[in-house]
Every structure is written in C-alpha cells, then in structure tokens.
2 protein chains.
Amino acid sequence: MNPLRISELAKKGGVGVETVRFYQRKGLLDAPQGSATAGRHYGADDVRRLRYIRKAQTAGFTLSEIAELIDLDRADDRPRARDMARARIAALDEKIAELTEARAALAKLAKDCAKGGAGPCPILAAFD
Amino acid sequence: MNPLRISELAKKGGVGVETVRFYQRKGLLDAPQGSATAGRHYGADDVRRLRYIRKAQTAGFTLSEIAELIDLDRADDRPRARDMARARIAALDEKIAELTEARAALAKLAKDCAKGGAGPCPILAAFD
DNA sequence: CTTGACTCCGTACTATGGTACGGAACCTAT
DNA sequence: ATAGGTTCCGTACCATAGTACGGAGTCAAG
C-alpha cells in the first residue's frame, strides 16, 4: 500500500501531526521507518493503530493503559485484557454514579433557585 | 472565635496545607490576615469557604468556575448562578451519556471475550 | 537563649494529554 | 540551483489540580 506522510496519517486518524508525534514519543505509535526525513514512512498498520488508540480513549482508557493493551495485543494475553476491561468498567460505574449524584444535587438546587423565593440563592448557599 | 492556624484550617477542610496555600494563590481563599508569620490567621469564614470549594468541586465545577461562583455569591447574582448550574448539568449529562456508552461497549466486549471462542480476543481486536 | 514547630513565600516539580516552535535536512517543481 | 513545502527532532509551553522544597521569620517551651 502506498505509504503515507505523517500529515496524511494524522488526517486519517483525525488528530494533528503534533499529536501523532506525541504518541510516537509515548511509544504508542512506531517512529518513522525510513531512516531519512521528509519521506512517506507510514502504512495501513499505523492508521489502524492510531484509530485503535482513539477508540480505546473514548472507552476511558488512559494512554498508558492503552500502551499496555497494545502489548497485550502483541502477546495475545486475553486474561489480562479481561482484567483491564473489568477494572475499567468498575471505574466507569463509579464515575457514572458520582456524576449522577452531582447532577441530581445540582438539578435540585437549580429548581429551588428558579422557584425564586426570598433569601439567598440556594445554588450559592448550598455549598456553604 | 478562636483563630486557626493554616494546618488546622487544612485539617477542617480535609485537605493538606499546601492545597490551602494553592487555593490562596488562586484567589479562592483569602491570604493570611495577620501581617506577620506563624500566627493564627484564619476563622470560621475560611473554613466555610474551604468546604464550599470542596463541595462545589464534587458537583463538577472547575476551580476557576468556583472562583466565579464565589464572586456571584458576593454579588448575589442569581440569574448567572442559574446559568452556570444549567451549563454544568448539561455538561454532566453529556459526560454521563458518554461514559454509559463506553461502559456498555466495554461490557459487551468483556462478555464476548469471556465466552472464549477461538480467534483473537474481542477486547484487543475491537479497537482495530 | 537555643531548639523545634510552625508560618509565609517563592519556586519548582508531578501527572495527563496535548500544542507549538525553531533548526536542520530533504524532496519537488520551476 | 534555488525556493517552498514537508519532515524529523528536541525542547518548551499550555491547562488542570495539586505536591514538595528551601529559606527566612516567629513563637513557645525547656
């Protein structure tokens, strides 16, 4: 397949060139293959990898967890991958519960404030 | 009221001394009142303010939004407070939806992986 | 009156995820 | 062959929310 320039790879991944380079520095993407500069050093693997990173990120994995997942992928270590997924799901559940609670509290405050009785605004007073 | 040392204020707020000083630098808490050093410069107002900050944080407000809320409190600007609460609720809703989606996707992958058929682990392959 | 605890203050460092800059090399078209 | 565009690379910078450190001053107890 026709090799890509870094700017083309970035575009296909929906990120900026600097972000691609940042991922390379983090070891998430391979460094340019051709020895020299200004060439077309990237292929379909790199595009796939970049998209993998972005999708894993939306699942809430941090970049260093993603680095681990990539290693797991190489080693085909399914039990460890399941562990990570379970841990991530638990963290997600916790975060969701936390945000849901905050949302409910805030919604109640906003409603009370809108009702507009006298006295201080409940939103402002609530945190007192 | 008996004035507090910074370490006592920090303890009452459930944070470290350095965090109190960080909030002071950000203008979220007032700087020590007594001119000199090593004194008991803080009072009940500071404790209340510190707890306000921590509670607002759990509602998802950033420190600079909290700085704004504190100003609003001083100005008793209820409409603006309602606006901020609404915006925060919307952001919370968006975040919750996003995490819920990620959770569902990940849970499905984990289940498929546990079912353990042949082929590559779905968790590892999914982001491909 | 010295020691230890505590304070204030500035500065620097951490982690996370990027974003930007400047120099040198290199490829392509004119 | 020279200009323009692009690359590589290192380094520095951004926001967010802290955390840590070293120096100097002060206060109370021994």
Side-chain angles (χ1 to χ4, degrees), chain A residues 2-43 46 49-70 88 91 95 98 102, chain B residues 2-43 46 49-70 88 91 95 98 102:
Chain A
N2 44 358
L4 302 163
R5 285 176 300 164
I6 194 173
S7 54
E8 294 164 334
L9 170 59
K11 194 167 226 173
K12 279 183 189 292
V15 301
V17 169
E18 295 302 328
T19 300
V20 170
R21 287 192 38 63
F22 174 71
Y23 291 163
Q24 290 174 343
R25 285 192 286 259
K26 288 265 149 179
L28 296 169
L29 286 173
D30 293 326
Q33 278 310 306
S35 58
T37 126
R40 305 176 147 261
H41 308 299
Y42 309 95
D46 297 293
R49 180 75 75 75
L50 182 50
R51 292 194 174 146
Y52 182 113
I53 294 166
R54 309 269 10 173
K55 284 190 209 162
Q57 253 183 329
T58 71
F61 289 103
T62 65
L63 293 185
S64 54
E65 286 170 333
I66 294 169
E68 205 179 333
L69 283 173
I70 288 168
R88 191 90 287 278
K95 192 81 195 160
E98 196 183 302
Chain B
N2 44 358
L4 302 163
R5 285 175 301 163
I6 194 172
S7 55
E8 295 165 332
L9 170 59
K11 194 166 225 173
K12 279 183 190 290
V15 300
V17 169
E18 295 302 328
T19 301
V20 170
R21 287 192 39 63
F22 175 70
Y23 290 163
Q24 289 174 342
R25 284 193 286 258
K26 288 264 149 180
L28 296 169
L29 285 173
D30 293 327
Q33 278 310 309
S35 59
T37 128
R40 306 176 146 260
H41 307 299
Y42 309 96
D46 297 293
R49 179 74 74 75
L50 182 49
R51 292 194 173 147
Y52 182 113
I53 294 166
R54 306 255 62 177
K55 285 190 210 162
Q57 255 184 327
T58 71
F61 289 102
T62 65
L63 293 186
S64 53
E65 286 170 332
I66 294 169
E68 205 179 332
L69 283 174
I70 289 169
R88 191 90 285 281
K95 192 82 194 160
E98 196 183 303

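The chains referred to below are lettered A, B, ... by the order of the sequence lines, with proteins before strands, and numbering in each begins at 1. As the structure is a prediction and not an experimental result, all values here were calculated from the model.
For B:Glu18, the side-chain hydrogen bond (donor to acceptor under 3.5 Å, both in side chains) criterion is met by no residue, not counting sequence neighbours. Applying the side-chain contact (heavy atoms from CB on, under 4.5 Å) rule to B:Ala102 yields the partners A:Leu92; only residues at least two apart in sequence or on another chain are considered. Taking A:Arg21 as the reference, nothing meets the salt bridge (charged side-chain N to carboxylate O under 4.0 Å, His left out) condition, with sequence neighbours excluded. Under the rule for a side-chain contact (heavy atoms from CB on, under 4.5 Å), the partners of B:Ser7 that lie at least two apart in sequence or sit in another chain are B:Arg5, B:Val17. For B:Lys11, there are no side-chain contact (heavy atoms from CB on, under 4.5 Å) partners at least two apart in sequence or on another chain. Take B:Lys95 and apply the salt bridge (charged side-chain N to carboxylate O under 4.0 Å, His left out) test, not counting sequence neighbours, and it matches B:Glu98.
Remark: P of D:dT7 and CG of A:Leu4 are 11 Å apart, rounded to the nearest angstrom. Atom CD1 of A:Ile6 and atom C1' of C:dA25 are 15 Å apart (whole Å). Rounded to a whole Å, the NZ atom of B:Lys11 is 17 Å from the C1' atom of C:dT7. Atoms CG (B:Leu29) and P (D:dG18) sit 12 Å apart, rounded to a whole Å. The distance from atom CG of A:Leu9 to atom P of D:dC8 is 10 Å, rounded to the nearest whole Å. At whole-Å resolution of the value, CD in A:Gln24 and C1' in D:dT11 are 16 Å apart. In this structure, CZ of B:Arg5 is placed 11 Å from P of C:dC8, rounded to the nearest angstrom. Distance A:Glu8 CD to D:dT6 P: 10 Å, rounded to the nearest Å.
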Distances under 3.5 Å between protein N/O atoms and the N/O atoms of nucleotides 16-23 of chain C, please, pair by pair.
from, atom 1, to, atom 2, distance (Å)
C:dG17, OP2, A:Leu63, N, 3.4
C:dG18, OP2, A:Tyr23, OH, 2.9
C:dG18, OP2, A:Gln57, NE2, 2.4
C:dG18, O5', A:Tyr23, OH, 3.4
C:dT19, OP2, A:Thr19, OG1, 2.8
C:dT19, O4, A:Arg25, NH2, 3.3
C:dA20, N7, A:Glu18, OE1, 3.3

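Within the helix from C:dC1-D:dG30 to C:dT30-D:dA1, the inter-axis angle between the opening and closing five-pair segments is 30°, rounded to 10°.
Test B:Ile6, B:Leu29, B:Asp30 against B:Tyr42 for side-chain contact (heavy atoms from CB on, under 4.5 Å) and you get one pass: B:Ile6.
Listed pair B:Tyr42 / C:dT7 fails the phosphate criterion, with no side-chain N or O lying under 4.0 Å from OP1 or OP2.
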- request: Quick one: do B:Gln57 and B:Leu63 satisfy side-chain contact (heavy atoms from CB on, under 4.5 Å)? Show the steps, please.
  value: CA-CA 7 Å; B:Gln57 255 184 327; B:Leu63 293 186; 3.5 Å; yes
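Note on residues 57-68 of chain A: pairs passing salt bridge (charged side-chain N to carboxylate O under 4.0 Å, His left out), not counting sequence neighbours, are A:Glu65-A:Arg88, A:Glu68-A:Arg80.
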